[in-house]
Amino acid sequence: MKKVILYARGLERVLRGHPWIYRSQIKQTPPVEPGEIVHVDSERKKFIGVGFINPHSEISIRLLSRQDEPIDRAFFEKKLTQAMMWRKKHVPGVQALRWVNSESDGLPGLILDEYAGHFVFQISTAGIEKYKDTLIEIIQNYFHPSSIYEKNDFQTRNFEGLPLLKGNVFGNTPPSIEIEEDQTRFAMDVTQGHKTGFYLDQRDNRKRLSSLVQDKEVLDCFSYTGGFALAALKHGAKNALAVDISNEALQWGRKNAQLNGVMNRWQDQEANGFDLLKRLSMEGKKFDVIILDPPSFTKKRDAVQRALGGYKEINLRAMKMLQEGGLLVTATCSHHIHETLFEEMLLEASCDAKKMISQIYRGTQGLDHPILPAIPETRYLKCFFYEVHSL
Ligand code: SAH
């Protein structure tokens, strides 16, 4: 195994358990191939760990182990087993879930999701890519899947010098897969949909909403295929309007509304969420419940202020459009928008809207997307539920 030497200063984060080593932290490295396994020492000869190196990437090394152990099939079997045990213990009895969540499970660059026996994986690092065939075999042996689909057509693979491709690698992945979550049925297209087909990470928050919607009029803004809207309708909401910029997502939403027998209470509108909130509020439209689950407004730290402006705009409008005592469910999936920052922005929005907000629930991603305090990036989803009253 080739040896890489790191500067001793600035290693605190890594020594506390973060797996990333930046190019600027490397003092000395032999010539290496992207994805090669290396042995990592500090310049004081202290052993740090073993990991993948990719000289093309700003995050040059991702550690896999703090032990001096071989990275082979047995290693991946051990990691998969740990990830499986965690889900069996903490996320039992669901049909759709994330079995492997990259750094959260000590496998940087591997995502593995299941939809009722059908598996989808994504690989974002050159290191994991080298073990693709091994991993497919392990998935077959461990999960006995009906099918496995490789969804590796996302742009960030370019950073690691990996080709963009997708396709079936085992069995047959049907064009529509159906799952049930908390008594609500969802059909999805894993090949064309966002992520691996569904926003699994909002499962707990959709469930929490279900107990708060009886006879309510609901607006689900940035709805995708209607996750929150359908959960609400299935649990007694009077009606729901799903809004998304993607017509395709809404078509799946409609299909799901039919699947759940709630089409008579479902409405959808293809629109830019910002414009629609503005228009509806100018028309004086009111709702009992508004859900705001937009895409991340920033993927970079230096754009946080601008992103906060965007979040504030939609939240302020939503607060004004709620009936007295109505419910705001508001989320951000940007790890750069820390919880306190998000909450502070929401407080400012409420002041500007002349409202008082009372927190009902503070949620995050489900336990199949584990949060490791040593890796702050693993804590990305924040979801607040507020009752909104006039000041
Ligand atoms: N709540 C959903 C997930 C929402 S993901 C669920 O539980 O399944 C965010 C959605 O916002 C995506 O579907 C995306 O198409 C949509 N979107 C992105 N920009 C938008 C915009 N400007 N206006 C409306 N929708 C937008």
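Read the numbers this way: they start at 1 and go in the same order the structure lists the ligands and their atoms. Computed from a predicted model, the values in this text were never measured in an experiment. Each residue takes its place number in the sequence, starting with 1.
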Output the list of atoms in ligand 1 that are nearer than 4.0 Å to some heavy atom of [X], sorted by atom number.
| X | result |
| --- | --- |
| Tyr224 | 2 (C), 3 (C), 4 (C), 8 (O), 13 (O) |
| Arg206 | 6 (C), 7 (O), 8 (O) |
| His194 | 12 (C), 13 (O), 14 (C), 15 (O) |

To the nearest 0.5 Å, tell me how far [X] [atom1] sits from [Y] [atom2].
| X | Y | atom1 | atom2 | value |
| --- | --- | --- | --- | --- |
| Ser246 | Gln251 | OG | CD | 8.5 Å |
| Asn315 | Leu346 | CG | CG | 5.0 Å |
| Asp182 | Lys207 | CG | NZ | 4.0 Å |
| Met263 | Arg254 | CE | CZ | 6.5 Å |

For ligand 1, is [X] a contact, meaning one of its heavy atoms is under 4.0 Å away?
| X | answer |
| --- | --- |
| Asn272 | yes |
| Ala249 | no |
| Ala271 | yes |

Considering non-hydrogen atoms of the protein only, which is the closest contact for [atom], and what is the distance?
| atom | answer |
| --- | --- |
| atom 19 (N) of ligand 1 | Pro295 CG, 3.7 Å |
| atom 5 (S) of ligand 1 | Tyr199 CZ, 3.3 Å |
| atom 3 (C) of ligand 1 | Asp293 OD2, 3.3 Å |
| atom 23 (N) of ligand 1 | Gly273 N, 2.7 Å |
| atom 16 (C) of ligand 1 | Asp244 OD2, 3.2 Å |

Parallel under 30°, tilted from 30 to 60°, perpendicular over 60°: which one fits the rings of Tyr386 and Phe384?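 Parallel, since the angle between the ring planes stays under 30°.
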Would you call the rings of Tyr311 and Phe297 parallel, tilted or perpendicular, where under 30° means parallel and over 60° means perpendicular?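 Ring orientation, 0 to 90° scale: tilted.
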Side chain or backbone of Ser223 under 4.0 Å from ligand 1, or both, or neither, by non-hydrogen atoms?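 Backbone only.
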With respect to atom 4 (C) of ligand 1, which of Phe222, Phe274, Phe297, Phe228 exhibits the smallest heavy-atom separation?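 When every heavy atom of Phe222, Phe274, Phe297, Phe228 is considered, Phe222 comes closest to atom 4 (C) of ligand 1.
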Heavy-atom nearest option to atom 20 (C) of ligand 1, drawn from Leu276, Ile245, Asp201: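 Comparing heavy atoms across Leu276, Ile245, Asp201, the nearest one to atom 20 (C) of ligand 1 lies in Ile245.
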Arg98 and side-chain hydrogen bond (donor to acceptor under 3.5 Å, both in side chains): which single residue from Asp368, Thr196, Asp113 fits?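 Of Asp368, Thr196, Asp113, side-chain hydrogen bond (donor to acceptor under 3.5 Å, both in side chains) with Arg98 is met by Asp113 alone.
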Should the pair Lys285 and Phe287 be classed as cation-pi, given the thresholds of under 6.0 Å to the six-membered ring centre and 45° from the axis?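 Positive - Lys285 is close enough to the ring of Phe287 and near enough to its axis.
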Which heavy atom in Pro294 sits nearest to a heavy atom in Cys333, and how many Å separate them?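 Taking every non-hydrogen atom into account, O-SG, 4.0 Å.
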